[in-house]
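Since the model is a prediction, treat every value here as computed from it, not as a measurement.
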Amino acid sequence: MKRRNHWILFIVLLLSLTILSPSLDIAQDQKTDDGGNITDLFSTPAPQTTQKNKPLSVLVSMDNEEFTAFQRHTQNTAKEMGMEIDLSNVDPSDFYSEFKNAFMMGESPDAVLIDNRYIKWFARKGFASPITGGDGNGAAGASFDSLLRAGEWNGYRWSIPMDMDPYVYAEYRTKETSTGPLQSTSTTEEWKSQLAEWDESMDRPFYFDGEDPVAFASWLKFQGIVPEASEVFRVANEEEENVSKQIQSIQALFPYIKTERNTRSYDKPDFQAGIITLSDLLPIYREELSTYINNDVESQALAVMGRSFVVSPKSTQKEAILEFLAKLTSPGSAKTWFLLSGKLPVHQSLYTASDMSDITNAIPLQALEESVEQSLLQDQDRILSDPEKSQKAADSIEQFVQGHISFKEYEHHIKRLFGASE
């Protein structure tokens, strides 16, 4: 009887330990520090059960026109592979907060398309799964080296590059346009004179996207105020008094600037000049790129916005989603996506083709490579590499440009972001 009682007690004790002890649960909670960054890369929750033949889910943030094209492109790719894809599109201003809240509630797509600036943020927060071994290597192998480095953190690769889009200064010109385009060497007075002339026939004739701090940074780079777009918020540093003075001097141009468009159409734009991305000019103005894009080589690609896919640690179909992304980001697929969206491919080999010569004439490959290299913004600036801080910075920029806050208030807002914990 005594031996039997020992066995009963042992079984009860083992069951109790199995239920109560977290050390016996393989799918532990993520280990994080005070800033919410994961301290153990592989402590992310394990998937519940691998589900085969379930549609792969992908989350993106695009305008309606691009999303329509992306749906067609991804569905065609999925059909070729005998797969099903479930796409979700979220407004850019809500994208990262909605994703973060859903993830914390236990919901997550298999993959997310994000700005390259945020890859390390996703990795640190535990929102991305490291791509180990041969996972996804075929898809990324021919990409620009700097794009691959953008996806590296803590000794692992976390992303698969999708596309890129250079920021350019562009003027809409006609055969009747007699004056030359504004240059990066133009003075503030020359800018003001030209903008005032355009303003006579068009309200606020200069445009950049107020929700995108890199667009503002690219304009400051074009003006020669900051050496690189990644240093746009160094005005918070007391040693950068000269930068502060120059930004204050261009406030005279703010009454001519719009940060929000009345229409998304580019065949009849509601601005005369601005900082836009190359894809905004394609395909409508592709034959005239060299006419519209400023011919100052130093400013032909002011910065480069790039996007990559990250795979969720909660995906139950990691092998399948990686197989799909490898196909979707392959050179042949990237060429198709370029024709549909105007977003440039990440594969260097594609730029030697004759049908890309107009692109490389407008933006020489060397200038593009240098801008890609310089646009590793997540290494340079903790504001631009954090989607939550970046959104707050964009709000401050828009208020500043629209005259709702002073330069001192703008600078104070940026300093507070620098001081905020990550």
Please find the pair of heavy atoms, one from V311 and one from L322, that lie closest to each other, and give the distance. CG2-CD2, 3.9 Å
If I compare all heavy atoms of A229 with all of L384, which pair ends up nearest, and what's the gap? O-CD1, 4.0 Å
Can you confirm whether or not the ring centre of W191 sits under 6.0 Å from the ring centre of Y169? yes
For Q251, does the CD atom have more than 12 heavy-atom neighbours from other residues, nucleotides or ligands under 6.0 Å away? yes
Can you confirm whether E80 is buried at CD, in the sense that more than 12 heavy atoms of other residues, nucleotides or ligands lie under 6.0 Å from that atom? yes
Looking at side-chain heavy atoms only, is the closest gap between I359 and L282 below 4.5 Å? yes
Can you tell me how far the CD atom of E152 sits from the CG atom of L148, to the nearest 0.5 Å? 7.0 Å
If only atom types and distance count, is the side chain of W153 paired as donor or acceptor with the main-chain N or O of W158 below 3.5 Å? no
Mind checking side chain to side chain donor-acceptor pair (under 3.5 Å) for Q402 and listing every partner two or more places apart, or none if nothing turns up? T259
Enter the distance from S244:OG to N242:CG here, rounded to the nearest 0.5 Å. 8.5 Å
If you round to the nearest 0.5 Å, how far is CG of L220 from CZ of F208? 8.0 Å
According to the salt bridge (Lys or Arg N to Asp or Glu O under 4.0 Å) rule, which pairs have a member within residues 99-112, sequence neighbours left out? K100-E388
So NE2 of H412 and CG of L417: to nearest 0.5 Å the spacing works out to 10.0 Å
Smallest separation among heavy atoms of G151 and S159, with atom names: CA-OG, 3.3 Å
Measuring from atom CD of E98 to atom OG of S93, what distance do you get when rounded to the nearest 0.5 angstrom? 8.5 Å
Heavy-atom pair with the smallest gap, counting every atom of K221 and L302: NZ-O, 3.1 Å
With sequence neighbours excluded, what pairs up with Q223 under the side chain to side chain donor-acceptor pair (under 3.5 Å) test? none
F70 vs N89 side-chain heavy atoms within contact, under 4.5 Å: no
Taking every non-hydrogen atom, the tightest pair across L350 and M356: O-CG, 3.4 Å
Side-chain touch E66/K343, heavy atoms, less than 4.5 angstrom: yes
Could you go through T277 and D209, starting from their C-alpha distance and side-chain angles, then the distance that decides it, and tell me whether this counts as side-chain contact (heavy atoms from CB on, under 4.5 Å)? CA-CA 10 Å; T277 57; D209 185 355; over 6 Å; no
Within the distance-only criterion (no hydrogens, no angle test), does the side chain of N101 pair as donor or acceptor with the backbone N or O of S97 below 3.5 angstrom? yes
Which pairs with one or both residues in residues 328-338 pass salt bridge (Lys or Arg N to Asp or Glu O under 4.0 Å), sequence neighbours excluded? K335-D355
Tell me, do M83 and E323 make a side-chain contact under 4.5 Å, heavy atoms counted? yes
I275 side chain near V168 side chain, heavy-atom distance below 4.5 Å: no
Do T316 and K54 have side-chain atoms, one donor and one acceptor, less than 3.5 Å apart? no
Please confirm whether the backbone N or O of V90 pairs with a side-chain atom of S61, one donor and one acceptor, at under 3.5 Å? yes
Going through the checks in order, is the side-chain contact (heavy atoms from CB on, under 4.5 Å) test met by I114 and F122? CA-CA 9 Å; I114 64 172; F122 265 70; 3.7 Å; yes
How are the rings of F103 and F99 set relative to one another: parallel (under 30°), tilted (30 to 60°) or perpendicular (over 60°)? tilted
Decide yes or no on side-chain contact (heavy atoms from CB on, under 4.5 Å) for I321 and V58, but give the supporting numbers first. CA-CA 9 Å; I321 192 65; V58 178; 4.2 Å; yes
Can a side-chain donor-acceptor contact be found between S390 and Y118 if the only test is distance below 3.5 angstrom? yes
Side chains of N116 and S308: donor-acceptor distance under 3.5 Å anywhere? yes
If only atom types and distance count, is the side chain of H347 paired as donor or acceptor with the main-chain N or O of G332 below 3.5 Å? no
Keeping the roles fixed (side chain from R72, backbone from T74), state whether a donor-acceptor pair exists under 3.5 Å. no
Could you walk me through whether Y351 and L344 pass side-chain contact (heavy atoms from CB on, under 4.5 Å), step by step? CA-CA 10 Å; Y351 291 88; L344 294 180; 3.2 Å; yes
Under 6.0 Å between the ring centres of W198 and F271? no
Check: M305 main-chain N/O paired with D165 side-chain donor or acceptor under 3.5 Å: no
Donor-acceptor pair, distance only, cut-off 3.5 Å: does the side chain of S279 make one with the backbone of G342? no
Looking at L113, is its backbone amide N or carbonyl O close enough to the side chain of R307 to form a donor-acceptor pair, meaning the two atoms are under 3.5 Å apart? no
Rounded distance [0.5 Å steps], CG in L289 versus CG in L278: 6.0 Å
Step by step, would you call Y292 with Y172 a ring-ring contact (aromatic ring centres under 6.0 Å, His included)? CA-CA 6 Å; Y292 292 116; Y172 288 92; 5.7 Å; yes
Strictly distance-based, threshold 3.5 Å: is any side-chain N or O of S357 a donor or acceptor partner for the main-chain N or O of S354? yes
Verify whether one side chain among E369 and Q348 offers a donor that lies under 3.5 Å from an acceptor in the other. yes
Answer yes or no: does atom CE of M104 have more than 12 heavy-atom neighbours from other residues, nucleotides or ligands under 6.0 Å? yes
E190 side chain to T187 backbone, donor-acceptor under 3.5 Å: yes
Shortest non-hydrogen pair, H73 vs S333, comes out as NE2-OG, 3.0 Å
I'd like to know whether CD of Q366 has more than 12 heavy-atom contacts from other residues, nucleotides or ligands below 6.0 angstrom. no
All pairs passing side-chain hydrogen bond (donor to acceptor under 3.5 Å, both in side chains) where residues 210-219 contributes a residue, at least two apart: Y167-D212
Side-chain contact test, heavy atoms from C-beta onward, threshold under 4.5 Å: evaluate it for Y256 versus P205 and give yes or no. yes
Compare all side-chain heavy atoms of E171 with those of Q272 and state whether any distance is below 4.5 angstrom. no
Side-chain heavy atoms of F127 within contact of V310, under 4.5 Å: no
Would you list the pairs meeting ring-ring contact (aromatic ring centres under 6.0 Å, His included) in which at least one residue belongs to residues 383-403, sequence neighbours left out? F254-F400, F400-F407, F400-Y410
